[in-house]
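Source: prediction; values computed, not measured.
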Amino acid sequence: MTFPQGVKPSLFLTDEGWIELCWSDPTGKAVQVEFRSAEIEFYVEAQEAEGLVPSIQVKDLAGRLSA
């Protein structure tokens, strides 16, 4: 995944034991990605989009979030 210049993502361990990656896009809107065992939950504030994708689609999601 490619992050915009100057973006410094934060990495968290959730209460449920999952890994969550968070950052702000160039306009300051939140992007959050939570990695679970079989799926990835995402939230993109600027697009008002959230959802789940199977973990096997991680490359597709990374490309979508890098755009």
Side-chain angles (χ1 to χ4, degrees):
M1 170 149 191
T2 303
F3 293 97
Q5 186 174 357
V7 170
K8 295 182 180 173
S10 298
L11 186 65
F12 300 95
L13 181 62
T14 68
D15 292 339
E16 295 80 20
W18 308 122
I19 299 292
E20 184 173 34
L21 190 60
C22 304
W23 67 94
S24 295
D25 70 12
T27 66
K29 302 283 184 169
V31 180
Q32 300 170 321
V33 182
E34 184 177 282
F35 298 89
R36 301 176 181 179
S37 60
E39 60 196 10
I40 303 166
E41 183 176 6
F42 66 92
Y43 170 70
V44 183
E45 183 180 11
Q47 299 171 4
E48 296 183 8
E50 60 184 300
L52 294 169
V53 297
S55 293
I56 193 126
Q57 293 180 0
V58 68
K59 281 179 92 175
D60 296 333
L61 181 61
R64 180 175 165 189
L65 296 176
S66 293

Problem set entry | Heavy-atom closest contact (Trp18 atom, Arg36 atom, distance) | CE3-CA, 3.5 Å

Exercise. Leu13 and Ile19: side chain to side chain contact (heavy atoms under 4.5 Å, CB included), yes or no, with the steps?
Worked result: CA-CA 5 Å; Leu13 181 62; Ile19 299 292; 4.1 Å; yes

Problem set entry | ILVMFWY cluster, Val33 and Phe12 together (side-chain gap under 4.5 Å) | no

Exercise. Tell me, do Cys22 and Gln32 make a side-chain contact under 4.5 Å, heavy atoms counted?
Worked result: yes

For this session: Verify the cluster assignment for Leu61 and Leu52: are they in a single hydrophobic cluster under the rule of side-chain heavy atoms below 4.5 Å apart?
Result: no

For this session: Taking Glu50 for its side chain and Tyr43 for its backbone only, find out whether a donor-acceptor pair lies under 3.5 Å.
Result: no

Problem set entry | Derivation and outcome, side chain to side chain contact (heavy atoms under 4.5 Å, CB included), residues Ser10 and Trp23 | CA-CA 6 Å; Ser10 298; Trp23 67 94; over 6 Å; no

For this session: Please indicate whether Glu16 has more than 12 foreign heavy atoms, meaning atoms of other residues, nucleotides or ligands, lying under 6.0 Å from its CD.
Result: yes

Problem set entry | Closest heavy-atom pair and its distance - Val7, Ser24 | CG2-O, 3.7 Å

For this session: Determine whether Phe35 and Ile56 fall in the same hydrophobic cluster, where Ile, Leu, Val, Met, Phe, Trp and Tyr are linked whenever their side-chain heavy atoms lie under 4.5 Å apart.
Result: no

Exercise. Roughly how far, to the nearest 0.5 Å, is OG1 of Thr14 from CD of Glu34?
Worked result: 5.0 Å

